[in-house]
Number of protein chains: 2
Amino acid sequence: MRADARRNREAIVAAARAAFDRDEQLRFDDFADRAGVGVGTLYRHFPTREALAAAVYQGEVIALCERARASTRSAGEALESFLRGFVDYVLAHAALARVLADLVTPDVQVTGGSELERTIAELMARAAAEGVIRDDALPGAVMIVLHGIGSSIDRPHWPRESRAAIELLLDGLGPDHRDGEVDSSRTSGT
Amino acid sequence: MRADARRNREAIVAAARAAFDRDEQLRFDDFADRAGVGVGTLYRHFPTREALAAAVYQGEVIALCERARASTRSAGEALESFLRGFVDYVLAHAALARVLADLVTPDVQVTGGSELERTIAELMARAAAEGVIRDDALPGAVMIVLHGIGSSIDRPHWPRESRAAIELLLDGLGPDHRDGEVDSSRTSGT
DNA sequence: GCATTAAGTGGAGATTGTCTCCGTTTGATA
DNA sequence: TATCAAACGGAGACAATCTCCACTTAATGC
């Protein structure tokens with residue numbers, strides 16, 4: 001890769017990161033201006049807005065994933081803290097939430113997305129092997145909840161509700177309800 | 001309302017319902033062509049794509065909601081069957097999923113959305129009063145999961161994963177884990 | 001150094017989808 | 001059947017995305 005190409009690419013990513021961090025809503029072409037390059041250059045490096053967002057966050061997401069997979073804690077703890085940590089990270093980076101949809105939908109060729117799902121699947125498998133979560137839970141179901149968190153950013157109480165959703169999910173993952181659901185046997189006549 | 005206005009409005013809704021049912025991805029202006037009216041007429045009746053989608057689905061969603069609230073079954077059963085039923089309905093109407101985002105984000109002036117959330121809140125309150133779900137669960141957290149289901153439509157195993165997500169949610173709502181989460185006390189050394 | 005050239009650049013303008021505006025038509029009312 | 005406010009239609013303004021290609025520049029060989 002030629003030196004000027006790399007320089008431009010990095011300038012674009014840096015400009016995009018700055019804009020995302022302030023949660024600015026920019027037209028795609030504006031990222032080119034911000035980086036001081038032409039739109040042609042922008043499009044050559046990043047064919048879509050999602051590709052750009054991925055370049056900005058891929059590193060961080062993958063780092064989170066690797067930290068979790070390398071964790072020496074029990075599988076249950078690793079899974080719990082990964083999910084809570086991921087949600088905290090998303091809450092702190094609204095722009096990531098706005099593109100999480102694409103990180104989560106695997107059809108796009110974005111490494112961060114499949115990496116996220118792979119990590120969750122691995123942590124769940126380990127936790128299930130330890131018996132601390134049910135062994136019939138689908139990683140995809142967890143992805144769907146994360147997706148919901150990412151795309152609910154415009155709700156008034158987004159952070160609180162997101163954390164609540166994760167807690168419900170973690171509870172639901174517990175090993176004690178292979179049958180369960182809402183405990184209808186307790187139904188009183190009220 | 002003038003007769004021709006009503007006729008046009010109904011023609012637009014009918015055309016939109018037909019297009020949605022086939023999950024066609026139309027430009028907004030095309031709904032006007034399909035209904036045989038001008039774009040001006042389309043925009044006067046439905047300022048946004050979401051308003052149109054709401055007109056198509058509001059009735060059905062509100063009907064689902066009212067049926068659930070009128071249910072004479074125990075609150076736990078009503079909540080369970082409402083959530084499962086709603087997901088089934090969404091799975092059967094992909095186009096609804098695509099606009100669920102807006103039905104779920106309350107800033108938009110769409111009656112169906114707040115109606116959905118109000119229904120969930122009410123069913124949850126009743127179930128909590130009966131003691132069949134925890135009383136500290138936020139309706140918003142449930143909305144987030146529904147939102148996730150709606151916006152995960154492009155995932156390969158969307159239906160299965162969506163149902164799995166609802167089951168996890170229902171399990172998590174159960175009354176037995178006021179503390180809980182993943183049961184770390186069971187952690188073995190493995 | 002200096003030519004060669006493939007890789008890279010920039011931005012004008014094509015394209016596409018959304019939305020507005022206003023001259024014309026039509027249904028309701030008396 | 002005259003009146004007029006309500007409703008209509010669609011040309012075209014507008015906004016965002018994306019392509020294309022004439023020009024520039026870094027790398028390579030001599």
Side-chain angles (χ1 to χ4, degrees), chain A residues 1-20 22-56 94-95 98-99 101-103 105 107-110 151 153-154, chain B residues 1-20 22-56 94-95 98-99 101-103 105 107-110 151 153-154:
Chain A
M1 188 178 216
R2 247 169 61 170
D4 56 343
R6 170 159 42 257
R7 224 180 316 116
N8 281 331
R9 191 176 199 286
E10 279 163 12
I12 293 170
V13 169
R17 171 168 279 128
F20 285 163
R22 302 167 178 204
D23 201 20
E24 286 180 283
Q25 233 76 76
L26 293 185
R27 297 177 24 212
F28 193 48
D29 285 15
D30 287 340
F31 289 111
D33 292 353
R34 293 288 176 98
V37 305
V39 290
T41 302
L42 171 62
Y43 276 91
R44 192 160 339 91
H45 287 291
F46 304 103
T48 65
R49 182 183 288 271
E50 290 69 39
L52 176 55
V56 171
R98 296 194 194 283
V99 298
D102 304 281
L103 292 177
T105 301
D107 65 20
V108 193
Q109 183 58 5
V110 168
S151 46
I153 180 169
D154 291 319
Chain B
M1 190 178 214
R2 248 169 61 171
D4 55 345
R6 171 162 37 260
R7 222 180 318 116
N8 281 331
R9 191 178 199 285
E10 278 163 14
I12 293 169
V13 169
R17 169 168 281 128
F20 284 164
R22 302 167 178 204
D23 200 19
E24 286 180 283
Q25 233 77 74
L26 293 184
R27 298 175 24 208
F28 193 46
D29 284 15
D30 287 340
F31 289 111
D33 292 353
R34 294 290 178 97
V37 304
V39 290
T41 302
L42 171 63
Y43 276 92
R44 193 163 334 94
H45 286 290
F46 305 102
T48 66
R49 181 183 290 271
E50 289 71 38
L52 177 55
V56 172
R98 295 195 194 283
V99 299
D102 305 282
L103 293 177
T105 301
D107 65 21
V108 193
Q109 183 56 6
V110 168
S151 45
I153 180 170
D154 292 319

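Order of the sequence lines sets the chain letters (A, B, ...), proteins ahead of strands, with each chain counted from 1.
For residues 7-16 of chain B, no pair satisfies salt bridge (Lys or Arg N to Asp or Glu O under 4.0 Å), with sequence neighbours left out.
In the set C:dG11, C:dT26, D:dG9, C:dG11 carries the atom at the smallest distance from any side-chain atom of A:Val39.
Within 4.0 Å of B:Arg49, counting heavy atoms only, lie sugar-phosphate atoms of the nucleic acid but no base atom. Residue contacts for A:Arg6: at a heavy-atom cut-off of 4.0 Å it reaches no nucleic acid atom on any strand shown.
Side-chain N/O atoms of B:His45 include none lying less than 4.0 angstrom from OP1 or OP2 on D:dA7. For the OP1/OP2 pair of D:dC8 and a distance below 4.0 Å, the side-chain nitrogens and oxygens of B:Asn8 include at least one atom meeting the criterion. Put simply, B:Thr41 has no side-chain N or O that comes within less than 4.0 Å of OP1 or OP2 on D:dA7. A sub-4.0 Å separation between OP1 or OP2 of C:dG8 and a side-chain N or O of A:Arg44 is absent.
The heavy-atom pair separating A:Ala55 from A:Phe46 by the smallest distance is CB-CE2, 3.5 Å. Closest approach of A:Phe20 and A:Ala53 over heavy atoms only: CE1-CA, 3.7 Å.
In this structure A:Arg17 satisfies the side chain to side chain donor-acceptor pair (under 3.5 Å) test together with A:Glu60, sequence neighbours excluded. A:Ala94 pairs by the side-chain contact (heavy atoms from CB on, under 4.5 Å) definition with A:Asp23, A:Ile153, not counting sequence neighbours. Every salt bridge (charged side-chain N to carboxylate O under 4.0 Å, His left out) that A:Arg2 has, sequence neighbours left out, goes to A:Asp4.
Summarising the geometry, the separation between CZ on A:Phe46 and P on D:dT17 is reported as 16 Å, rounded to the nearest angstrom. Here D:dT25 presents its C1' atom at 7 Å from CG of A:Asp4, a figure rounded to the nearest Å. Note: OH (A:Tyr43) to P (D:dA16) measures 12 Å, nearest angstrom.
If you check residues 24-35 of chain B against DNA chain D, you find no residue with a heavy atom closer than 4.0 Å.
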Collect all protein-nucleotide pairs involving nucleotides 2-5 of chain C in which both atoms are nitrogen or oxygen and the distance is under 3.5 Å.
none

What's touching nucleotides 3-6 of chain D from the protein side, N or O pairs under 3.5 Å?
residue : atom : partner : partner atom : Å
D:dA6   : N3   : B:Arg2  : NH1          : 2.6

Side-chain atoms of residues 26-42 of chain A: list all donor-acceptor pairs with protein atoms under 3.5 Å, sequence neighbours left out, distances to 0.1 Å.
residue : atom : partner : partner atom : Å
A:Asp29 : OD1  : A:Tyr43 : OH           : 3.4
A:Arg34 : NH1  : A:Glu24 : OE1          : 3.1
A:Arg34 : NH2  : A:Glu24 : OE2          : 3.2

